[in-house]
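Scope of the values below: all heavy atoms of this structure, side chains included, with no hydrogens, waters or symmetry mates. Just so we're on the same page: letters track the sequence lines, and every chain starts at 1.
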2 protein chains.
Amino acid sequence: MKPIEKKSARDQVIISLRKAIFNGDLKNGEEITQEEIAKILNVSRMPVREAFYALEREGLLLTQQNRRVIVKGVTEEDIKDHYDIRAMLEGEAAAKAARLATDLKDLEEINKEIEKAVQARNTDEYIVANEHFHRTIWKLSNSVRLQSFLDQLWSGLPPHLAEMVTEQMGKAHSEHQDILEAFRNRDEHAARELMMSHIKRSKIDFLKIF
Amino acid sequence: MKPIEKKSARDQVIISLRKAIFNGDLKNGEEITQEEIAKILNVSRMPVREAFYALEREGLLLTQQNRRVIVKGVTEEDIKDHYDIRAMLEGEAAAKAARLATDLKDLEEINKEIEKAVQARNTDEYIVANEHFHRTIWKLSNSVRLQSFLDQLWSGLPPHLAEMVTEQMGKAHSEHQDILEAFRNRDEHAARELMMSHIKRSKIDFLKIF
DNA sequence: ATTCTGGATTTTGGATACAGAATCCTTTGT
DNA sequence: ACAAAGGATTCTGTATCCAAAATCCAGAAT
């Protein structure tokens with residue numbers, strides 16, 4: 001049995017704020033205070049305070065020297081930046097994973113789930129399985145830093161819009177197959193290159209929609 | 001006049017804990033509690049709590065599923081990991097900076113400071129100026145994410161030991177010159193490559209001492 | 001009218017308080 | 001002797017409280 005994880009108030013605040021920023025409820029440059037948010041979300045200032053701190057690291061908020069906090073909406077430049085860095089880091093993670101991974105059981109398993117989702121044209125399931133696929137590779141890389149950074153990156157961008165996903169599910173899935181094949185061959189170099197181009201391609205597709 | 005920045009208790013706790021981990025006062029695997037640290041540093045649990053959260057992202061602490069926090073000392077594998085990632089990120093930062101930077105005044109200035117420190121064999125001054133040099137490049141890259149990640153990386157490793165620095169000051173300085181030259185020519189590609197090999201070389205030197 | 005000044009107001013950082021979760025430890029039953 | 005139960009203890013997460021910092025605003029001085 002896997003332990004049930006209950007979300008802390010802080011994490012819930014983080015999630016709520018991210019959503020609000022992504023869907024435009026909180027606009028770029030807008031100034032927000034701890035108390036204001038605390039009141040809206042019906043928690044005390046303390047979890048909000050910590051959430052602000054976390055979101056600042058993700059680049060979604062900015063504390064000015066006056067201590068006031070302003071919202072940093074997602075710009076096109078941001079998205080390019082996000083994908084450029086992610087391509088490098090996930091490439092590195094894939095290379096490390098290909099070198100270290102002796103046990104690809106989990107990854108093969110997830111791959112099958114993706115397969116199913118693609119065939120069923122089930123976008124929601126696909127999104128979940130896809131994230132799972134990537135996160136598993138990070139984990140296989142066995143680098144805390146890579147995991148931490150990629151986690152921050154992944155959370156810092158709006159979830160892939162459904163329209164984008166349906167369009168590219170097939171493409172992405174076949175790229176995943178190639179990556180998996182590189183893993184089976186323990187081919188570090190190929191794993192890195194394939195992962196990087198996989199993400200660079202996503203970047204282009206994402207930008208088209210944005 | 002530049003505004004005076006005063007450190008928050010949280011930041012001081014972060015710094016103290018880092019030091020304690022680096023010099024071995026807190027050993028790998030040791031379990032620490034918020035209250036214990038708060039008592040030692042003579043602050044309340046609140047800043048300690050936030051410091052734990054921050055240090056976890058840097059990879060120096062680990063919160064277990066039980067909520068207990070344990071110390072993750074720096075291993076050789078960690079150092080390799082650190083430098084590998086840093087090489088990529090600083091390479092990217094250098095490339096972006098070379099593309100965007102119109103004004104190299106600050107960087108040239110800092111370069112002269114380094115020059116002075118090298119000639120005077122002044123290790124302390126060198127260390128400060130060197131960090132300044134790198135940070136300035138990150139800033140010129142104009143990417144919040146790169147800055148944030150590199151900041152986390154830079155803080156997560158013990159400061160370069162004095163012995164290491166004296167030995168390699170000259171080498172590093174001449175590498176800096178080459179990087180600066182690439183900037184003057186706005187040569188993205190060269191900037192990235194030179195920065196990457198600069199850091200890969202540091203990695204080797206650091207590992208020799210560790 | 002514009003700038004300056006000093007107090008009222010807001011907001012933050014940090015301390016303290018309290019309830020619930022996790023762990024420890026003693027007791028009880030077999 | 002050993003395992004299970006359950007109460008005491010420890011520790012964390014969140015709420016509340018307080019003092020210091022920042023901002024705002026009205027009136028005085030130029």
Salt-bridge test for E188(A) and R192(A): reply yes if a basic N is under 4.0 Å from a carboxylate O, no otherwise. no

Please tell me which of R68(A) and M46(A) maps to the more 5' nucleotide of DNA chain C, matching each residue to the nucleotide holding its nearest heavy atom. R68(A)

Please state whether the rings of H176(B) and H198(B) are parallel, tilted or perpendicular, taking 30° and 60° as the class boundaries. perpendicular

How close or far is atom P of dT12(D) from atom CD of Q65(B), stated in whole angstroms? 14 Å

Pick one: which of I32(A), L17(A), L62(A) meets side chain to side chain contact (heavy atoms under 4.5 Å, CB included) with V71(A)? I32(A)

If you take atom types as modelled and just measure distance, does the side chain of R45(A) reach the base of dG13(C) with a donor-acceptor pair under 3.5 Å? yes

Using distance alone, with no hydrogens and no angle criterion, decide if Q147(B) and S143(B) have a side-chain donor and acceptor under 3.5 Å apart. no

Which nucleotide in the set dT12(D), dT14(D), dG13(C) lies at the smallest distance from any side-chain heavy atom of P47(A)? dT14(D)

R10(A) CZ to dT14(D) P, in whole Å, measures 8 Å

Measuring from the side chain of R67(A) (C-beta onward, heavy atoms only), which nucleotide among dT12(D), dA21(D), dG14(C) has the closest atom? dA21(D)

Out of dG13(D), dT12(C), dG14(C), which nucleotide sits closest to the side chain of Q34(A)? dT12(C)

F52(A) CZ to dG14(C) P, straight-line distance once rounded to whole Å: 16 Å

